[in-house]
Amino acid sequence: MGNLFVVGFNEPHQAEEVRLKLQKLEGEGLLDLADVVVAVKDEAGKVRLHRAGNLLAEGAPFHGFCGSLANLIFMNATAGVTSGALVDVGITDRFMKELATVLIPSRSTLFVLTRKPTPDKDRVLEEVKGLGGKIFMTSLSHEDEARLQAALNATKSANP
């Protein structure tokens, strides 16, 4: 079974940079991405969703899931309410309030759905080390979520 991740970033292009990194890891066989969506709120207050190109060439059952979920989340966050459909997938009022703090101009959010867990967690954690971001929601265990957040927050060592 795959995992869902929602990660907020302080910079408008940061989520896109992480998306590109994740696609690179997929190309190396470390991740199996079902869907990836980047959301950015512009200066006019409009949230724009950007999808990764051709992740689902074979028509996987998750096609469009993150985009649809992201639309539903952002509509509800803007209205300040949590619908029954969101509660059914574990999205609470607390989550919506936290997400609203990211939904300001010049910030971005990344929605990632994987098809299956990664075979090499340590390598993926090393690859995402220092990329920043705050995990708002994930289907990972508490222990794995803490390890991922620690990696995102870590200072990336300079390459020799």
Side-chain angles (χ1 to χ4, degrees), residues 1-41 47-52 55 62 65-78 80 82 85-159:
M1 183 167 93
N3 288 300
L4 173 65
F5 304 86
V6 180
V7 183
F9 297 93
N10 290 330
E11 301 295 327
H13 300 289
Q14 202 171 3
E16 179 65 17
E17 291 169 10
V18 174
R19 181 190 66 80
L20 293 172
K21 178 70 153 179
L22 295 177
Q23 285 183 294
K24 178 182 173 272
L25 294 175
E26 181 179 44
E28 295 173 13
L30 291 172
L31 292 174
D32 187 3
L33 301 174
D35 203 0
V36 180
V37 176
V38 172
V40 179
K41 189 170 188 178
V47 176
R48 303 219 184 263
L49 300 179
H50 306 276
R51 280 202 108 91
L55 273 177
F62 296 117
F65 177 78
C66 277
S68 298
L69 179 62
N71 274 324
L72 188 59
I73 288 170
F74 282 112
M75 285 188 305
N76 281 275
T78 302
T82 306
L86 293 175
V87 172
D88 290 345
V89 294
I91 296 173
T92 64
D93 286 333
R94 180 174 172 253
F95 169 77
M96 297 302 282
K97 287 176 185 172
E98 285 183 9
L99 187 58
T101 65
V102 170
L103 292 179
I104 62 174
S106 79
R107 293 196 181 177
S108 58
T109 306
L110 180 68
F111 294 80
V112 178
L113 181 65
T114 62
R115 287 188 187 93
K116 59 185 177 185
T118 180
D120 190 351
K121 289 180 188 174
D122 291 334
R123 169 92 189 282
V124 171
L125 290 174
E126 185 60 35
E127 291 291 329
V128 301
K129 189 175 185 179
L131 295 178
K134 179 180 189 282
I135 299 171
F136 286 109
M137 180 180 189
T138 181
S139 57
L140 293 173
S141 69
H142 292 296
E143 179 183 317
D144 285 343
E145 178 181 352
R147 289 181 66 206
L148 176 57
Q149 187 64 67
L152 291 170
N153 292 343
T155 303
K156 192 157 185 113
S157 58
N159 291 333

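Only this structure's heavy atoms are used, side chains among them; waters, hydrogens and symmetry mates stay out. For the single chain, residues carry numbers from 1 onward in sequence order.
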Shortest non-hydrogen contact between [X] and [Y], atoms and distance:
X: P12; Y: S108; value: O-CB, 3.4 Å
X: L30; Y: T118; value: O-OG1, 2.5 Å
X: R115; Y: L33; value: NH1-O, 2.8 Å
X: L25; Y: E127; value: CD2-CG, 3.5 Å
X: L110; Y: A15; value: CD1-O, 3.8 Å

- Query: Would V18 and V128 satisfy side chain to side chain contact (heavy atoms under 4.5 Å, CB included), going step by step from the backbone distance to the final call?
  - Reply: CA-CA 8 Å; V18 174; V128 301; 5.7 Å; no

| Which residues satisfy the salt bridge (Lys or Arg N to Asp or Glu O under 4.0 Å) test with E145, sequence neighbours excluded? |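 Salt bridge (Lys or Arg N to Asp or Glu O under 4.0 Å) list for E145, sorted by chain: empty.
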
Could you tell me whether the side chain of [X] and the main chain of [Y] form a donor-acceptor pair under 3.5 Å?
X: Q14; Y: F9; answer: no
X: R107; Y: E11; answer: no
X: T109; Y: V7; answer: no

Under the salt bridge (Lys or Arg N to Asp or Glu O under 4.0 Å) rule, what do E28 and K24 come out as? Steps first, then yes or no, please.
-> CA-CA 6 Å; E28 295 173 13; K24 178 182 173 272; 3.0 Å; yes

- Message: Taking the side chain as everything from C-beta on, heavy atoms only, tell me whether H13 gets closer than 4.5 Å to V38.
- Response: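 H13 does not reach V38 side chain to side chain.
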
Separation between CG (N3) and OG (S139), nearest 0.5 Å, reads 3.5 Å

Review point. Roughly how far, to the nearest 0.5 Å, is CG of L31 from CZ of R123?
Key: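 Taking CZ in R123 and CG in L31, the distance rounds to 10.0 Å.
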
| message | I'd like to know whether V36 forms a side chain to side chain contact (heavy atoms under 4.5 Å, CB included) with Q23, so could you lay out the CA-CA distance, the side-chain angles of the two residues, the decisive distance to 0.1 Å, and finally the verdict. | response | CA-CA 9 Å; V36 180; Q23 285 183 294; 5.5 Å; no

(request) Carefully, step by step, assess L140 and L148 under the rule side chain to side chain contact (heavy atoms under 4.5 Å, CB included). (result) CA-CA 9 Å; L140 293 173; L148 176 57; 4.0 Å; yes

### Message
I'd like to know if E17 and K21 make a salt bridge, using a cut-off of under 4.0 Å between side-chain N and carboxylate O.
### Response
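No, no charged N to carboxylate O under 4.0 Å.
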
Going through the checks in order, is the side-chain hydrogen bond (donor to acceptor under 3.5 Å, both in side chains) test met by N153 and Q149? CA-CA 6 Å; N153 292 343; Q149 187 64 67; 3.0 Å; yes

